[in-house]
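See structure below.
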2 protein chains.
Amino acid sequence: MGKERTAPAAVTSADVARLAGVSRATVSFVLNNTQAHRVSDTTRARVLAAADQLGYVPHAAARSLRAGRSNLVLMPASVSAVGRLVSTWIDDLQGELEQLGYITVLHAGRFPNAVSAARAWAELRPAAVVALEGDSLTGQAADVLTKAGVRGVLAFASRRAEGIHTIDFDHTRVGALAAEHLVSRGRRNLGVIMPQERGLDTFARPRLAGAQSVASRTTASVTPVEMAYTRGSAAELAERWPELGLDAVFAYNDEYAALLLHALRDAGVRVPEEVSVVGCDDLLVSALQQPPLTTVRLDMPAPAQVADALHELVERGVPPEVPGMEPVLVQRQSS
Amino acid sequence: MGKERTAPAAVTSADVARLAGVSRATVSFVLNNTQAHRVSDTTRARVLAAADQLGYVPHAAARSLRAGRSNLVLMPASVSAVGRLVSTWIDDLQGELEQLGYITVLHAGRFPNAVSAARAWAELRPAAVVALEGDSLTGQAADVLTKAGVRGVLAFASRRAEGIHTIDFDHTRVGALAAEHLVSRGRRNLGVIMPQERGLDTFARPRLAGAQSVASRTTASVTPVEMAYTRGSAAELAERWPELGLDAVFAYNDEYAALLLHALRDAGVRVPEEVSVVGCDDLLVSALQQPPLTTVRLDMPAPAQVADALHELVERGVPPEVPGMEPVLVQRQSS
DNA sequence: CCGGGTCGGTAACGCGTGTAACCTGGAAGT
DNA sequence: ACTTCCAGGTTACACGCGTTACCGACCCGG
């Protein structure tokens, strides 16, 4: 006794074989109904009964170790960093991949650099890695993955790197689109909100760069403005708004925009008369604001299309032909 | 040639051994710096150099197959179903678990029932399964997991089942708290929003039940009201609000509450004069509404504490001693 | 009575690891 | 000079699985 607590002794296919009175091979044939080998109906029934009785579940790791390939798709992403927009998209993609036989898994981890992150992912030997924050994936990191046998390295990114299959996801264009709109509305001193939350700067920086590139072609100027997703930070920012001298702002998000909108109102700054506000993601909340928020909608490629492309990439090494993310301006009353 | 595309041939510890001119065992000793065995500094250096040169990364599956234990923690949860409140909590928990040597992974999957879900999870042979929607985990499903060798089956749930270690997460109390508040404000005809989005009813149902239990002790009545998270659904609901005869509503969420709030205003229903509205989660948006939303804040147990408890459970089978979720009413002007 | 074919089953190997057990040569102790 | 010991290495096995090759029994035609 006393042993009951230490090792519950997971049930293996050998246990099933023993109970059914057959060899382990037969068990394998039955449970995978291998077409290459015939097995009598009576023993098949015995095996199935034994497996059911013992509650046998195959060991995925052992299986893919033997097979030399796994059906795991790893998506490095922290839950809190993805907005509502992408989160539903992720869910749909995961559903599509499931139908293709893949098991999609999310992993958020804080890593000092891209290579050590890739190392951690590579340990799991996934069939593919789908990086949503693809710009943080270096060619060197991708090399680690491919050397570990990862078949599909797919990244949503603005710039393409060696050994990485890229789906266009250029947040530069998002910032540029917002800036162009604001300039066309006669604004000249544009602020761009840079969120302080961890993980968000991967998107925020290119957006800022996009806005700046527009400014460099016009008479407008662009100023990065730091802000955290708290009432205090927003209020503090609104308080010193006059001294910033901005007549427009591109908030990172509709949620940041909404927060800032309220803070500005509380501070007596009128929107859109004194300052135009543009959000992003076209979340439901944006239309509910007072005034309703102008925002940038991000049209994502169809999940089914991405899933198919990934499958082709893993199976046959075919590079994906998928349209990228398309930013679309949705104008409302806040600008 | 032509072979380059088919099998990139993942690098193994045998490759490292070959390049370093030593046996595979020595490589293992060096890379894990096994204390039980000594190895000279020169060969150690050679091995490390070879591993680095080849970009070797150990195969987690093979490792845990051999070790008989894995460091994987599986959290079944769909990204879109978790609100902002829990998502940051999940991130923190994942961080704590990482420090304890675990790799936390999220998996969303649509399964016909709890047992088939458990079967899918069991295939991965995780060290532990942490179910946030713990009420959907049956004793039979937990049995599948333990039989597959999963050491820690941890569930945030209201009712405890056989073989499942439970951290109290009783959404009944959430509904009850909201209902008690509304009754104390003189309301009698309470509506409870039931969101139509998939995966959300696991929380919505017990909250409804909690509200109903309060009603059964008083003269108040409770009516479930279906609503989807779209403007159309909210508008349609607000349109037929008068005929529902409700003077209070507990929305599933602050986001649902905000959506409903706007729809009600557009339909000419005054809040809180004609109807009280109570949200949930105490999200930032709730305080920004007009009028500011009364809401129920959910105090979660400290992630570090949960991580430690899980570690103890996996390592020594010690049942977790962790305070559960505590609902707290945050009163504002909407009720 | 014998050769060939089919059906139904088993033995054995390898996937990539970690580790217990086993060698070997040289230094130290007797 | 013979044993003892240890540092520093290797060989061999097991983890759970899928699959290839093999084997016995039976049936059938010649």
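In the text below, chain A, chain B and the rest are named by the order of the sequence lines, each starting its count at 1. Here the structure is a predicted model, which means the values were calculated and not measured.
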Exercise. Atom CZ of Arg18(A) to atom C1' of dG16(D): distance rounded to whole Å?
Worked result: 13 Å

For this session: Kindly state whether the ring of Trp89(A) and the ring of Phe169(A) have centres lying under 6.0 angstrom apart.
Result: no

Seminar exercise, completed: Testing dT10(D), dT19(D), dT17(C) for proximity to the side chain of Arg66(A), the answer is dT19(D)

Exercise. Between atom CG in Leu124(B) and atom P in dC17(D), what is the gap in whole Å?
Worked result: 14 Å

Exercise. To the nearest Å, how far apart are Arg44(A) CZ and dG9(C) P?
Worked result: 10 Å

Problem set entry | Length of the line joining Arg69(B):CZ and dG18(C):C1', which is rounded to integer Å | 14 Å

Problem set entry | His37(B) NE2 - dA7(D) P separation (whole Å) | 10 Å

Problem set entry | Side chain of Arg24(A) (C-beta onward), nearest among dA12(C), dT10(C), dC13(D) | dA12(C)

Exercise. To the nearest angstrom, how far is Asn33(A) atom CG from dG18(D) atom C1'?
Worked result: 14 Å

Exercise. Thr34(B) side chain N/O closer than 4.0 Å to the phosphate oxygens (OP1, OP2) of dG18(C)?
Worked result: no

For this session: Compute the bend angle of the helix from dC1(C)-dG30(D) to dT30(C)-dA1(D) from the end axes (five pairs per end), rounded to 10°.
Result: 70°

For this session: Side-chain contact test, heavy atoms from C-beta onward, threshold under 4.5 Å: evaluate it for Asp91(B) versus Arg110(A) and give yes or no.
Result: no

Problem set entry | Residue-phosphate contact under 4.0 Å: Thr43(A) side-chain N/O, dG9(C) OP1/OP2 | yes

Exercise. Under a 4.5 Å cut-off applied to non-hydrogen side-chain atoms, are Phe29(B) and Arg38(B) in contact?
Worked result: no

Exercise. So which one's nearest nucleotide on DNA chain D is more toward 5', Ser40(B) or Ala67(B)?
Worked result: Ser40(B)

For this session: For atom CZ of Arg69(B), decide whether the heavy atoms of other residues, nucleotides or ligands shown that lie under 6.0 angstrom number more than 12.
Result: no

Seminar exercise, completed: Here the distance between atom P of dC23(C) and atom CZ of Arg38(B), to the nearest Å, is 23 Å

Exercise. Base, sugar-phosphate, or nothing for Thr12(A), non-hydrogen atoms under 4.0 angstrom?
Worked result: sugar-phosphate

Problem set entry | Side-chain heavy atoms of Gln94(B) within contact of His107(A), under 4.5 Å | yes

Problem set entry | DNA chain D contacts made by residues 54-64 of chain A, counting heavy atoms under 4.0 Å | Tyr56(A), Pro58(A), His59(A), Ala62(A), Arg63(A)

Exercise. Is any side-chain heavy atom of His59(B) closer than 4.5 Å to a side-chain heavy atom of Thr12(B)?
Worked result: no

Exercise. Are OP1 or OP2 of dT17(C) and a side-chain N or O of Ser13(B) less than 4.0 angstrom apart?
Worked result: yes

Exercise. Are there more than 12 heavy atoms of other residues, nucleotides or ligands under 6.0 Å from atom CD of Gln140(B)?
Worked result: no

For this session: State, yes or no, whether a side-chain contact exists between Met75(A) and Ile90(A) at a heavy-atom distance under 4.5 Å.
Result: yes

For this session: Starting from the C-alpha separation in whole Å, work towards a yes-or-no answer on side chain to side chain contact (heavy atoms under 4.5 Å, CB included) for Asp15(A) and Tyr56(A).
Result: CA-CA 9 Å; Asp15(A) 297 326; Tyr56(A) 170 71; over 6 Å; no

For this session: Using heavy atoms to find the nearest nucleotide of DNA chain C for Arg46(A) and Thr26(B) separately, return the residue whose nucleotide is more 5′.
Result: Arg46(A)

Problem set entry | Residue Leu65(A), side-chain atoms from C-beta onward, closest of dC15(C), dG9(D), dG18(C) | dC15(C)

Exercise. Per the side chain to side chain donor-acceptor pair (under 3.5 Å) rule, which among Asp168(A), Thr166(A), Asp135(A) passes with Ser158(A)?
Worked result: Asp135(A)

Problem set entry | Among dG16(C), dT19(D), dT10(D), the nucleotide that comes nearest once only the side chain of Phe29(B) is considered | dT10(D)

Exercise. How long is the line joining CD of Gln35(B) and P of dA20(C), in whole Å?
Worked result: 14 Å

